[in-house]
Amino acid sequence: MVTCQRVCLSKKQRSCGAPGGRRQKQHPTQGEAADIDAPIVFVGYGIDAPEYQWDDYKGIDVKGKVVLIIVNQPPSKDPKFFNGSTLTYYGRWMYKFEEAARKGAIGALIIHRTDLASYPWDVVRSSWSNEQVYLADDKDPKLQSAAWIQLEVARLLLSKAGLKLDEQIALAGTRDFKAVELPVRLKAHVVSKIRKFQSPNVVAMLPGSDKGTPKQAVFYTAHYDHLGIDPGMTGDNIYNGAVDNGTGCGILLELARVWAGTKPAPPRSILFAAVTAEEQGLLGSEYLGKHLDQLPVQPIIDLNYDALAPIGIPEEVEVSGAERTTFYPEVEKIAKDFKLAIKPDAHPEAGHYYRSDHFSLGRVGIPAFSISEGLKFKGHDLAWGEAQSKDYVEHHYHKPADAFVETWDFSGDAKLASFGYALGQAAATQSGEIKWLPGDEFEKAQKKLASKTMVNGLGELRQTAK
Ligand SMILES: [Zn+2]
């Protein structure tokens with residue numbers, strides 16, 4: 001059975017920015033225009049995290065106001081407090097905009113500081129000054145204006161209240177912090193041009209052999225979109241996305257072929273999704289995560305593939321996020337069978353976990369992680385792998401030059417496909433449940449999902465197409 005889901009996307013253009021490009025602005029409400037004239041409230045990190053007894057919005061009402069937020073999360077060396085130096089979702093800009101909207105704010109300004117964002121202002125400018133894509137009919141509260149501002153602009157804003165930005169940022173990392181309304185208003189007239197279009201997620205299912213138990217599935221995902229064509233560019237202007245994510249799609253198709261021939265079929269079903277609009281902010285997978293009731297079965301784990309360099313046989317595998325689940329001992333055992341060393345996340349502070357499609361499923365409670373190679377390849381030293389990775393990021397990543405090369409060696413992609421197949425076998429046949437570990441940031445979401453599943457009887461959901 002193959003089901004085809006429609007994702008409705010609305011594209012909009014930023015057409016009202018501040019002079020000098022110091023402010024990158026958009027408004028996610030999907031209206032043609034927004035007029036804002038509201039006071040600005042500095043809310044520190046803009047985080048409400050009950051599990052850490054942390055609430056930057058305590059004692060202040062931001063309804064109808066604009067919040068000013070520092071990027072990242074309170075500094076910590078304690079793994080029980082915001083995961084120590086590992087970036088949690090609370091530190092990501094997406095969370096800050098979402099939380100501000102949930103609190104009733106109409107606008108949010110995120111203060112950029114290169115070390116805290118882990119990327120320079122140029123990245124903010126290039127990714128926010130073009131067409132922005134949103135899911136249509138998304139029910140979550142939205143801001144009328146969501147923007148970033150440079151550190152110096154924020155310094156000026158705070159100085160109007162006689163406050164020093166550096167002191168306030170330091171204070172924001174402590175429990176003594178209290179949000180402050182500044183004697184400054186944001187006045188803005190934001191105009192957007194809206195272009196509606198559709199882009200499908202393509203979902204396939206191999207039914208499991210066990211008809212008696214609740215319908216559960218192992219989920220494999222890979223995004224099939226890239227950045228399209230740039231009409232303004234001379235010469236080769238096609239973003240082929242051969243590595244990102246032709247490789248993941250190849251693996252997805254091969255997994256589907258092998259699973260279809262697996263006899264007997266495992267007790268649980270196997271679901272496959274080629275998802276769209278990853279490069280626009282994980283939108284295709286976000287749609288899936290928000291519409292799990294449209295799937296005929298309940299995913300119990302998501303294994304995602306995104307950009308696996310076809311440069312030989314890896315001796316390391318990256319499965320960041322797996323260590324946060326009860327499935328990890330199985331992952332370790334299978335990695336050992338495949339002679340793959342598990343490479344820990346080299347930059348936990350950069351929050352890579354939140355940057356590919358598995359996150360869309362993880363955040364709604366499904367244990368989820370990506371499978372990719374590390375940097376050590378057979379016949380080469382680590383420095384070679386690092387150089388390959390650096391070359392890819394500098395010269396190919398998100399450029400038309402991410403194109404197929406005749407001499408590529410796909411044996412490593414095949415190895416990681418087999419590894420993912422073995423993980424899928426283990427997950428599809430094991431008797432226990434797969435869970436986020438106690439205290440994990442997604443544990444709550446998983447509990448919520450489990451209670452919903454019981455109420456709705458997810459196992460009996462409609463099958464969208466045959
Ligand atoms: Zn990708």
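Start at 1 and go down the list; that is how both ligands and their atoms are numbered. Note that the numbering runs from 1 along the sequence shown for the chain.
- Taking the ring axis of Y353 as reference, the NZ or CZ atom of R324 stays within 45° of it and closer than 6.0 Å to the ring centre.
- Distances from the Zn ion (ligand 1) to each N, O or S atom of D244 single out OD1 as the nearest.
- Salt bridge E131/R195: present, at least one basic N to carboxylate O contact under 4.0 Å.
- Between W408 and F410, the ring-plane angle classifies as perpendicular under the 30° and 60° cut-offs.
- Counting backbone and side-chain atoms alike, H223 contributes an N/O/S atom closer than 2.8 Å to the Zn ion (ligand 1).
- For D306, the N/O/S atom at the shortest distance from the Zn ion (ligand 1) is named OD1.
- Not one N/O/S atom of E279, from backbone or side chain, sits under 2.8 Å from the Zn ion (ligand 1).
- Relative orientation of the Y392 and H396 rings is parallel, given thresholds of 30° and 60° on the angle between their planes.
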